[in-house]
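See structure below.
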Amino acid sequence: MIKVRFAPSPTGYIHIGNFRTALVNFLFTKSKNGHFMLRIDDTDDERSSKEYEDAIKEDLTWMNINWDSLERQSSRLLSYNEALETLLEKKRAYPCFETAEELSLKRKSQLTSGKPPIYDRSALKLSDSDIADLKSKGKKPHYRFLLNHEDVNWNDLVKGESKYNMSNLSDPVILREDGRVIYTLASVVDDIQFEVTDILRGEDHMTNSAAQIQLFEALGSLSPKMGHLSLLTDNTGSGLSKRIGSLSLRELRSQGFQPMAISSLLAKIGTSDSIDIFKDMKQIVKSFDISKFGNSKPKFDKTELSALNSKFFQLVDYKDISHQLNILDIKITNEFWNLIRGNINNFYDVKFWWNIVYGDIKEVSNDLDFKKLALQTLPKERFDKNTWSVWTNSLMKESGKKGKELFKPLRLCLTGQSNGPEMANLVLIMGKDKIKERLNKNN
RNA sequence: GGUCCCUUCGUCUAAUGGUUAGGACUCAGCCCUUUCACGGCUGCAAUAGGGGUUCGAAUCCCCUAGGGAUCACCA
C-alpha cells in the first residue's frame, strides 16, 4: 500500500507553499487508495509550539485534508538515539567539537575566498584519545553523518532520472551538542519505521533527499521513492517562501477565500491540466496524476484564485454552503442564495448583497425625474413573477427609454450598483416596500 | 562562489527531430439575455539570445543572459 506523510514543523502557520505539498501528497496517496500520515516535526523544541500544531491541524481540517494517522517526533526520541548508535558502529557518524560560531566563521571565510562553504571534516582527524580528552574537559560533541562522496542516483517521481554528487555537500549534522536530534536523521528513521513508500516535497529538499538516500542505506533500509515539486513563485517570479506571512491559509480564509478554490488552484497550477474549479475533493483526486507536474516554477497569482473563488460560488448549492452561511449573523434563505450566487467573488460579498437587498444603502441615484416615474409605474398589485416585465414595460412607455438606457438607471436606483443579480428576481425578493423606500430616498 | 534545477502566447502548459507551434485562463469583438453576469462563437497573442549538428531543431550539443534552490548544531 502507498503511504505518504506530510511533515510540517509547528513553528508557524501553513502557507500556500506548505499546503501545496500537503495537498499533492494527499491527492497522490488518495488516488491510489493509500495512507496519509500527518507527522509533526517538532524536534526543534525551541521554535516549535503546541499552538502552531493545533493551528496546522485546524487549517488542514478546514481544507478538507484528513489524516489517517498522526505522529509526533518529540515522542520518538529513543528511536533516533538507537539509529545514531547504529551509525556510529558503522563508522557513518562521527563526533565534532566545533562551536556554531567557529563553523559560521569558517563558512564566511570560505565564501569570501570563493570556495563553497562545505564542512572540511577536520573532526574526522580526531583520534579516539583526542575525543576522550575533549570530552573529559567537558566539551560536548555534536554528530555528523559521514557522506560517501559519490553520485547518488534516483528516479524522481516528478523530475525523472536525477543524480547528485555528494562531494558538493557538507556532512549533515544529525545530533546537536545538547543531544537533540536533527530533522535529517529523525525524518529518515520515521520514514523507515512507519514504512513510508513515497516522499513528495519541494525541490528545495533535493540535496536533503540525496543525503537521506545515503542515510536510508546506512540504516539498512531501501529509500522510499522521491519526488520534488518545483517551488511556487509570486507573479514577479521571485520566491514565495520569503513572504509567507500574507499568504498563509488563515489569511486567505479571513479574506473570504473558499477551500475548494484554493485546492483547485494548487492542485492544478504547474500541471498540464487546465486550471478550473472543482466542486469537491473527490473530483480533484480523480483527475490527479503526479506525472502531469512540470519542472518550471509556476507563478502563484491571487487574482487567479479570486476568479476560482467566484466560480465556486456559482457552482455550489445552498445545501452545501448553508453551514458556512450560518456563521454570518444574518439569515440567508435558499431563494436569496440563488439570487446572489452569481455575483459573489468573496464570501463576505454575501453580506454585501444582503445589505443591499434588505438593509440600508448610502448612495442611490440622484436622477429624481426617473425615480419619480419609476415610482408612478410601479405595479400596485401583489408582486409575482411578471411584476418586473409589467413594471419595466410601462416605465419604458412613460420614460421613452429602453434597453441599457432603461435598465442601468433602474438597477442603480434600486441597488446603488451598476451590476448585480437578475433584476426580475431581485425585485421579488426585495419587495414593494423596500423598492418604494429606495425610490423615495433622495441623496 | 561551488553544485543542482528552470526558461514556449500576459498566465498555466502541449508538442518523445518533420504540426499552420495545440489547449485552458485572461483580454477584445460578436451573439444570447429588453441590463450586468452566466453561456455560445470568433479573434489577438509564444519557442530568452547567439552559435553549432542535421535535408529538417521548441526538441540534440555548446556558449551567454535571466530566474530559482541549496551549501544551518532550521525543517
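Order of the sequence lines fixes the chain letters, A, B, ..., with proteins taken first and strands second; residue numbering starts at 1 for each chain.
Taking a pair to require two hydrogen-bonding distances under 3.5 Å in either a Watson-Crick or a G-U wobble arrangement, rU70(B) pairs with rG2(B). Remark: rU54(B) base-pairs with no nucleotide; criterion is Watson-Crick or G-U wobble with both hydrogen-bond distances under 3.5 Å. rG29(B): Watson-Crick or G-U partner is rC41(B), with both key distances under 3.5 Å. With a cut-off of 3.5 Å on both Watson-Crick or G-U wobble distances, the partner of rA48(B) is given as rU64(B). Base pairing annotation: rA75(B) forms no Watson-Crick or G-U wobble pair, as no partner gives both donor-acceptor distances under 3.5 Å. Nucleotide rA21(B) forms a pair with no other nucleotide shown, judged by Watson-Crick or G-U wobble geometry with both contacts under 3.5 Å.
One finds no side-chain N or O of R411(A) lying less than 4.0 angstrom from the OP1 or OP2 phosphate oxygen of rU34(B). Side-chain N/O atoms of S230(A) include none lying less than 4.0 angstrom from OP1 or OP2 on rC5(B). Applying the 4.0 Å criterion to OP1 and OP2 of rU3(B), one finds that N165(A) has every side-chain N and O outside that range. Distances shown here put every side-chain N or O of T207(A) at or beyond 4.0 Å from the OP1 or OP2 atom of rA69(B). Distances shown here put every side-chain N or O of R107(A) at or beyond 4.0 Å from the OP1 or OP2 atom of rG2(B).
Distance alone, capped at 3.5 Å, is enough to place a donor-acceptor pair between the Q212(A) side chain and the T184(A) backbone.
For N393(A) against rU34(B), a side-chain N or O and a base N or O form a donor-acceptor pair under 3.5 Å. Between the side chain of D276(A) and the base of rA24(B), no donor-acceptor pair of N or O atoms lies under 3.5 Å.
Side-chain N/O atoms of T271(A) and D273(A) include no donor and acceptor closer than 3.5 Å. Side-chain contact, N345(A) with S310(A): a donor N or O sits under 3.5 Å from an acceptor N or O.
A cation-pi contact, defined as under 6.0 Å to the ring centre and within 45° of the axis, is absent between R39(A) and F194(A).
To the nearest whole angstrom, the two P atoms, one in rG49(B) and one in rG10(B), are 13 Å apart. With both ends at atom C1', the span from rC63(B) to rG29(B) equals 45 Å, rounded to whole Å. rG23(B) and rC41(B) are spaced 13 Å apart, taking the P atom of each and rounding to whole Å. Going from the C1' atom of rG22(B) to that of rU59(B) covers 16 Å, rounded to whole Å. Separating the P atom of rG50(B) from that of rC55(B) is a span of 23 Å, rounded to the nearest Å. The C1' atoms of rC9(B) and rA28(B) are separated by 15 Å, rounded to the nearest whole Å.
Using cut-offs of 30° and 60° on the angle between ring planes, the pair F36(A) and F26(A) is perpendicular.
Using a 4.0 Å heavy-atom distance criterion, P298(A) is classed as a sugar-phosphate-only contact.
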